[in-house]
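First up is the structure itself, then whatever we jot down about it.
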Amino acid sequence: MADSSDSVSIDMESISLGGKEYLVKTHHGTVLVAVFGDQDKPALITYPDLALNHISCFQGLFFCPEASSLLLHNFCIYHISPPGHEFGAPPICPDGFMPSVDDLADQIVEVLNFFGLGAVLCMGVTAGAYILTLFAMKYRQRVLGLILISPLCRAPSWTEWLLNKVMSNLLYFYGMCGVVKELLLKRYFSKEVRGNVQVPESDTVQACRRLLDERQGINIWQFLEAMNGRPDLSEGLRKLHCRSLIFVGENSPFHSEALHMTSKLDRRYSALVEVRKTFYCLTML
């Protein structure tokens with residue numbers, strides 16, 4: 001690990017899944033990393049979507065006994081939370097440093113250096129998939145492969161940019177208000193899962209709604225602002241020679257983005273899996 005002047009760690013037992021949590025100090029702020037498994041095993045790095053953390057984003061995957069035992073048998077898992085997305089995080093000063101997507105990607109290499117890791121396997125969801133793809137493009141020798149779920153790779157369209165600006169203003173002035181929660185739930189889940197007048201919300205959606213209540217709006221605002229200013233990665237994807245596996249639901253609003261990304265990747269090293277009757281996050285459901 002890096003010396004104590006660069007990083008500090010908290011060796012606490014995670015109540016939910018039995019892992020250990022570390023606060024890693026980087027040049028672009030402090031991030032929380034939850035570590036599960038034997039650190040002598042190959043590393044799997046995860047990065048969640050906007051307003052989520054490793055529990056709310058990856059619970060469906062890691063609470064599944066078969067998947068969890070398979071992953072922990074083969075990997076040590078390092079869950080990286082975006083700044084301020086961990087449980088109990090204090091509000092980030094809005095007048096302080098505003099990290100860009102490049103800064104967030106650079107944080108990842110500092111996390112790897114902190115744990116003494118070499119090349120790793122990466123798993124990310126939507127905004128997290130974008131950050132990990134950017135990381136793989138900047139630090140190709142540090143990435144063995146990418147597992148991307150409903151990924152983004154292009155700059156925001158005008159429609160997305162405007163929607164994000166509306167949500168950003170609401171987060172800045174009103175915090176995690178009802179409108180923002182509904183917009184985020186639409187991002188995460190299909191109409192069928194969210195329910196309606198006749199059909200109640202699923203337990204997963206209700207649990208996610210409660211978790212969103214605990215988020216600091218200003219912290220989500222900072223990540224959203226970074227993502228709303230992201231550049232297009234399309235032209236650099238062909239140069240990625242790590243193995244890339246993309247999952248997307250056939251009804252996902254990110255379906256066209258996943259198809260576009262697949263078309264830009266070298267087909268010798270990439271594959272697309274379209275999942276029927278799945279809207280967004282395979283790891284959540």
Side-chain angles (χ1 to χ4, degrees), residues 1-37 39 43-58 76-118 120 122-132 134-136 138-139 142-143 168 171-172 175-176 211-212 214-230:
M1 293 183 184
D3 59 45
S4 60
S5 64
D6 293 330
S7 307
V8 295
S9 68
I10 297 177
D11 186 10
M12 69 171 70
E13 291 297 319
S14 170
I15 296 174
S16 301
L17 297 173
K20 294 181 179 179
E21 294 184 346
Y22 299 81
L23 284 176
V24 180
K25 185 179 179 182
T26 75
H27 289 91
H28 305 297
T30 301
V31 294
L32 184 136
V33 183
V35 181
F36 299 87
Q39 290 182 250
L44 170 64
I45 303 296
T46 75
Y47 209 102
D49 193 14
L50 177 73
L52 301 176
N53 57 32
H54 69 278
I55 294 177
S56 52
C57 189
F58 297 101
C76 181
I77 301 164
Y78 297 79
H79 294 292
I80 302 175
S81 292
H85 279 53
E86 67 273 14
F87 286 121
I92 297 172
C93 177
D95 299 323
F97 173 71
M98 284 284 292
S100 66
V101 288
D102 277 287
D103 295 329
L104 296 175
D106 291 339
Q107 280 186 331
I108 296 173
V109 77
E110 294 193 61
V111 169
L112 300 194
N113 292 340
F114 173 71
F115 289 104
L117 302 175
V120 299
C122 300
M123 178 189 294
V125 179
T126 311
Y130 179 94
I131 299 298
L132 290 177
L134 179 59
F135 167 68
K138 296 183 71 173
Y139 303 96
R142 306 299 293 269
V143 178
S168 181
L171 283 166
Y172 188 87
M176 187 58 72
L211 290 169
L212 288 176
E214 300 174 10
R215 301 278 77 83
Q216 294 283 355
I218 202 68
N219 300 357
I220 310 307
W221 166 81
Q222 189 179 78
F223 190 22
L224 181 59
E225 284 290 291
M227 287 302 299
N228 216 26
R230 69 184 186 269

Where do R142 and N113 land on the side chain to side chain contact (heavy atoms under 4.5 Å, CB included) test, with the steps shown first? CA-CA 10 Å; R142 306 299 293 269; N113 292 340; 3.1 Å; yes
Do [X] and [Y] have side chains that approach each other closer than 4.5 Å (heavy atoms only, starting at C-beta)?
X: L211; Y: F87; result: yes
X: V125; Y: P48; result: no
X: Y78; Y: L117; result: yes
X: I80; Y: I45; result: yes

Do any N or O atoms from the side chain of [X] and from the backbone of [Y] form a donor-acceptor pair under 3.5 angstrom?
X: D49; Y: A127; value: yes
X: Q107; Y: P82; value: no
X: N219; Y: I92; value: yes

Check salt bridge (charged side-chain N to carboxylate O under 4.0 Å, His left out) between E86 and all other residues, then give those that pass, not counting sequence neighbours. none
List the residues meeting salt bridge (charged side-chain N to carboxylate O under 4.0 Å, His left out) with D103, not counting sequence neighbours, and say none if there are none. none
Where T26 and E110 come nearest, the two heavy atoms and their spacing: CA-OE1, 3.4 Å
Give the minimum heavy-atom separation between A51 and I220, together with the two atoms involved. CA-CD1, 3.5 Å
Report the relative orientation of the aromatic rings in F114 and Y22; use parallel for angles under 30°, tilted for 30 to 60°, perpendicular for over 60°. perpendicular
Name the orientation class of the two ring planes belonging to H54 and H79 (parallel below 30°, tilted from 30 to 60°, perpendicular beyond 60°). parallel
Taking only residues two or more places apart in sequence, or in another chain, which ones meet Y130 in a ring pair (Phe, Tyr, Trp, His ring centres under 6.0 Å)? none
Does Y47 have any ring pair (Phe, Tyr, Trp, His ring centres under 6.0 Å) partners at least two apart in sequence or in another chain, and if so, which? none
Identify, with sequence neighbours excluded, every residue that meets side chain to side chain contact (heavy atoms under 4.5 Å, CB included) alongside A136. V143, L146, L240
Checking S81 now: which residues fulfil side-chain hydrogen bond (donor to acceptor under 3.5 Å, both in side chains) with it, not counting sequence neighbours? none
